Amino acid sequence: YIMTQRRPHISMPLKETLSPSKGCYVCLKRQGQLRGCFGTLAPNLPRLADDIVQNTLMAASWDSRFLPVQAEEINALEFSLDIVEARTLISWPDDWDTRQYGLQLRRRQEVLATLLPDLEGINNATQQYQIALRKAGISFGEEISVEIFTTHRLPASTNLPLHPYR
C-alpha cells in the first residue's frame, strides 16, 4: 500500500482462518518506539482479517501523532496485533490489573482515548485512568463512560498472520 497505494489482497485461506469478527489494534514500532497505532474495540468489517488490514493501513497512514510511514521505513518496522477478547463497562473507582486490561474513555458515542493493556510505565488503574484523561484532554470529574477490555496480543517479535507490506 505504501508503495502502490493499493490495498493488499488477502488470500482465501487466511480470510477463513481470521473470519470471526472482532475488534483489533495494530501497532507499529521502529527501534522500539511507537510509530503508529490504530484500532477499534468492536469490529468494523465482516472478517477479522479485513479489520487487520484496515487498521494496519490506518496505523501507517492516519495516526495523527505521526507523519505517514515512508517506503524506506517498511523493513525497519515491527508490528504487534491486539485482538479484543472481552469488554466491560465499569464505574469508577474500580480497580483492575493494567497488565490484563486496557481502558477506553467515551463521551456518548465519541471515543476520547484508548490505552491498550500492558503498556510500559503504567503500573495501576489510577495511573492508567489519569493518562487516558490527559490523552483525551478532559478534566477529572467530567461525565464520561469507562470501558475496560482484554486482548490477545501477538507481540512485535512474532510474525503476524498478516503482513501486508512484505
Side-chain angles (χ1 to χ4, degrees), residues 18 20-45 48 50-70 73-74 76-164:
L18 298 176
S21 191
K22 292 185 176 187
C24 68
Y25 285 81
V26 176
C27 294
L28 315 176
K29 288 189 175 183
R30 184 174 180 183
Q31 299 176 344
Q33 299 296 309
L34 186 64
R35 182 61 182 84
C37 189
F38 194 87
T40 57
L41 291 185
N44 285 324
L45 299 168
L48 176 57
D50 296 320
D51 268 320
I52 293 170
V53 169
Q54 180 67 27
N55 292 342
T56 301
L57 299 178
M58 296 297 284
S61 304
W62 294 99
D63 187 328
S64 62
R65 299 169 292 181
F66 304 97
L67 293 172
V69 169
Q70 300 299 306
E73 293 180 87
I74 292 170
L77 293 177
E78 294 179 316
F79 295 75
S80 66
L81 172 64
D82 282 77
I83 299 171
V84 177
E85 297 294 336
R87 302 164 50 187
T88 305
L89 199 59
I90 63 166
S91 59
W92 187 259
D94 287 342
D95 196 20
W96 57 89
D97 180 353
T98 60
R99 290 169 296 170
Q100 182 180 356
Y101 291 97
L103 172 76
Q104 186 170 85
L105 305 181
R106 291 176 177 247
R107 184 181 299 121
R108 293 177 213 68
Q109 296 301 316
E110 178 189 8
V111 174
L112 303 172
T114 304
L115 295 175
L116 292 172
D118 200 25
L119 293 178
E120 187 176 329
I122 298 178
N123 301 311
N124 59 59
T126 301
Q127 183 184 25
Q128 187 183 45
Y129 183 69
Q130 289 171 343
I131 290 169
L133 287 174
R134 279 196 308 273
K135 183 178 176 182
I138 59 177
S139 304
F140 189 83
E142 282 190 48
E143 190 172 321
I144 56 172
S145 61
V146 179
E147 191 168 10
I148 59 174
F149 59 94
T150 59
T151 66
H152 172 72
R153 179 172 291 164
L154 287 113
S157 59
T158 300
N159 286 329
L160 294 177
L162 174 65
H163 196 313

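Only a predicted model underlies this, so the values are computations on that prediction, with no experimental measurement involved.
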Quick one: pull up [atom1] in [X] and [atom2] in [Y] and give me the separation to the nearest 0.5 Å.
X      : Y      : atom1 : atom2 : result
Ile122 : Leu115 : CD1   : CG    : 5.0 Å
Ile144 : Arg108 : CD1   : CZ    : 12.0 Å
Ile90  : Tyr129 : CD1   : OH    : 9.0 Å
Ile52  : Tyr25  : CD1   : OH    : 14.0 Å
Leu112 : Leu105 : CG    : CG    : 6.5 Å
Asp97  : Ile148 : CG    : CD1   : 10.0 Å

- Task: Check the pair Val111, Gln104 against side chain to side chain contact (heavy atoms under 4.5 Å, CB included), reporting the backbone distance first and the verdict last.
- Result: CA-CA 7 Å; Val111 174; Gln104 186 170 85; 3.6 Å; yes

For the pair [X] (side chain) and [Y] (backbone), establish whether a donor and an acceptor sit closer than 3.5 Å, ignoring hydrogens and angles.
X      : Y      : answer
Ser61  : Pro68  : no
Lys135 : Thr114 : yes
Gln128 : Tyr101 : yes
Asn55  : Cys24  : yes
Asp51  : Pro43  : no
Gln127 : Gly121 : yes

Min side-chain heavy-atom separation [X]-[Y] under 4.5 Å:
X      : Y      : answer
Ser21  : Leu45  : no
Cys37  : Leu116 : yes
Leu34  : Leu28  : no
Gln130 : Thr126 : yes
Gln100 : Pro117 : no
Thr98  : Asn123 : no
Phe38  : Thr56  : no
Arg153 : Ile83  : no

- Step through the shown structure and confirm whether more than 12 heavy atoms of other residues, nucleotides or ligands are within 6.0 Å of CZ on Arg99. no

- Report, as yes or no, whether the 6.0 Å neighbourhood of atom CG on Leu67 holds more than 12 heavy atoms from other residues, nucleotides or ligands. no

- Item | Pair Glu143 + Arg107: basic N to acidic O under 4.0 Å | no

- Thinking salt bridges, do Arg87 and Glu147 make one under a 4.0 Å N-O criterion? yes

- Query: What are the two closest heavy atoms between Ser139 and Leu133, and how far apart are they?
  - Reply: O-CD2, 4.4 Å

- Residue pair Val146 / Leu89: nearest heavy atoms and the distance that separates them: O-CD1, 3.4 Å

- Task: Might you work through the side chain to side chain contact (heavy atoms under 4.5 Å, CB included) test for Glu78 and Arg30, ending with a clear yes or no?
- Result: CA-CA 6 Å; Glu78 294 179 316; Arg30 184 174 180 183; over 6 Å; no

- Donor-acceptor pair between Arg35 and Gln33 side chains, under 3.5 angstrom: no

